[in-house]
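It should be emphasised that the depicted structure is a prediction, and the values quoted were computed from it without experimental measurement.
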Amino acid sequence: MNGTDGVRSVPDWRVLIVGGASGMGKTGVGRALARRYDVPVVEVDDIVEALLAVTRPEHLPEVHFWRTHPEAARQAPESVVERQIAIAEALAPAIAAVVANHVGTDTPVILEGDYVLPGPATPGGPVRAVFLHEDDEAQVTANYLCREPEAGPQRHRARVSVLYGRWLAAQARAAGAPVVAPRPWKDLADRAAETVETRDATAAGHAS
């Protein structure tokens with residue numbers, strides 16, 4: 001992602017959502033885009049940890065689910081994906097509050113995570129989105145092996161990631177948000193930024 005190093009573009013958005021399933025390259029592209037636009041990154045995982053710290057399972061059972069039912073992560077991939085979708089939907093109000101705060105205070109930020117949905121995004125508006133999706137399970141397995149070699153091949157996790165990623169990609173397309181293939185890695189951040197900026201320029205042209 002060296003194409004973004006040293007580049008500074010002033011964003012005309014206030015929140016840029018970088019979404020997609022686990023193992024798709026969101027963290028790397030989020031950091032590269034943060035350098036490109038000179039803005040901070042908020043990770044949805046931090047929002048989850050904050051909610052876990054100040055609520056009880058009976059208050060937000062979906063958000064607490066993986067802690068109260070750790071064995072569920074070993075269920076059939078389709079069942080795990082259903083649970084991930086439920087968690088994403090349960091988190092949506094908290095994420096919407098963070099988005100609204102950054103829009104209201106005029107403070108640009110990149111919001112990155114597995115559980116962020118495209119709902120708040122509008123092409124050409126203050127909230128933009130780009131979703132990453134890799135549909136090759138073998139590639140996602142290789143991504144995990146490179147990142148976490150001590151865990152060995154995580155094929156079940158990769159299957160879950162691809163299935164959940166397909167659902168997220170469908171949600172993104174339905175909302176008019178771009179979906180970008182992670183490969184080739186070397187220009188992913190440039191392609192993600194280009195896609196968002198192109199879509200937004202098109203939306204602005206239609207509006208005028």
Side-chain angles (χ1 to χ4, degrees), residues 14-27 30-31 34 40-105 107-122 126-133 137 140 143-144 147-148 150-152 154-175 177 179:
R14 291 300 166 264
V15 179
L16 175 56
I17 293 169
V18 178
S22 173
M24 302 293 173
K26 297 184 306 301
T27 300
R31 290 172 181 170
V41 177
V42 170
E43 296 186 6
V44 173
D45 284 348
D46 288 337
I47 298 174
V48 173
E49 289 301 319
L51 289 173
L52 289 171
V54 298
T55 64
R56 295 181 181 277
E58 57 266 30
H59 299 147
L60 288 174
E62 297 295 350
V63 178
H64 285 262
F65 185 80
W66 296 126
R67 289 192 177 180
T68 57
H69 301 80
E71 74 288 349
R74 298 187 294 273
Q75 292 178 350
E78 292 77 9
S79 297
V80 178
V81 170
E82 287 180 7
R83 184 57 57 185
Q84 288 185 309
I85 293 170
I87 294 170
E89 291 173 342
L91 286 169
I95 293 172
V98 173
V99 168
N101 180 61
H102 281 275
V103 172
T105 58
T107 51
V109 70
I110 290 172
L111 182 62
E112 176 266 308
D114 301 0
Y115 290 124
V116 62
L117 301 177
T122 304
V127 184
R128 317 282 172 83
V130 60
F131 280 74
L132 308 183
H133 179 58
E137 289 180 36
V140 178
N143 294 350
Y144 283 136
R147 192 173 78 185
E148 304 163 13
E150 71 285 353
Q154 300 182 65
R155 295 185 180 88
H156 179 275
R157 187 181 179 190
R159 175 63 175 166
V160 168
S161 185
V162 168
L163 292 178
Y164 180 55
R166 286 176 187 169
W167 182 82
L168 282 175
Q171 298 298 306
R173 292 187 182 103
V179 178

request  = Any chance you could lay out the side-chain contact (heavy atoms from CB on, under 4.5 Å) test for Val48 and Leu91, step after step, and finish with the verdict?
outcome  = CA-CA 8 Å; Val48 173; Leu91 286 169; 3.6 Å; yes
key: Spacing of Gln84 atom CD and Trp66 atom CH2 [to the nearest 0.5 Å]   = 6.0 Å
inquiry  = Assess the residue pair Tyr164 and Ser22 against the criterion (side-chain hydrogen bond (donor to acceptor under 3.5 Å, both in side chains)); give the C-alpha distance rounded to whole Å, side-chain angles, the decisive distance to 0.1 Å, and a yes or no.
reply    = CA-CA 9 Å; Tyr164 180 55; Ser22 173; over 6 Å; no
query = For the side chain of Ser79 and the backbone of Gln75, is there at least one donor-acceptor N/O pair under 3.5 Å apart?
reply = no
query = Is there a donor-acceptor contact under 3.5 Å from the side chain of Lys26 to the main chain of Gly20?
reply = yes
request  = Please name the pair of heavy atoms, one in His133 and one in Arg166, separated by the smallest distance, quoted to 0.1 Å.
outcome  = CE1-N, 3.4 Å
message = Go through it in stages, so that I can follow the logic: the residues are Gln171 and Leu117, the test is side-chain contact (heavy atoms from CB on, under 4.5 Å), and I'd like the CA-CA distance, side-chain angles, deciding distance and then a yes or no.
response = CA-CA 8 Å; Gln171 298 298 306; Leu117 301 177; 5.5 Å; no
query = Glu62 and Arg83: salt bridge (charged side-chain N to carboxylate O under 4.0 Å, His left out), yes or no, with the steps?
reply = CA-CA 8 Å; Glu62 297 295 350; Arg83 184 57 57 185; 2.7 Å; yes
inquiry  = With rounding to the nearest 0.5 angstrom, report the CG to CD distance, Leu163 to Glu82.
reply    = 11.0 Å
task = Look only at the side chain of His102 and the backbone of Arg14, and say whether a donor-acceptor pair between them is shorter than 3.5 Å.
result = no
query = Is a side-chain N or O of Ser161 found less than 3.5 angstrom from the main chain of Arg157, in a donor-acceptor match?
reply = no
task = Would you check, one step at a time, whether the test side-chain contact (heavy atoms from CB on, under 4.5 Å) holds for Val140 with Gln154?
result = CA-CA 9 Å; Val140 178; Gln154 300 182 65; over 6 Å; no
query = In chain order, what residues pass the salt bridge (Lys or Arg N to Asp or Glu O under 4.0 Å) check against Glu137, with sequence neighbours excluded?
reply = Arg159
ask   = Among Leu16, Ile17, Thr122, which residue meets the side-chain contact (heavy atoms from CB on, under 4.5 Å) test with Val127?
value = Ile17
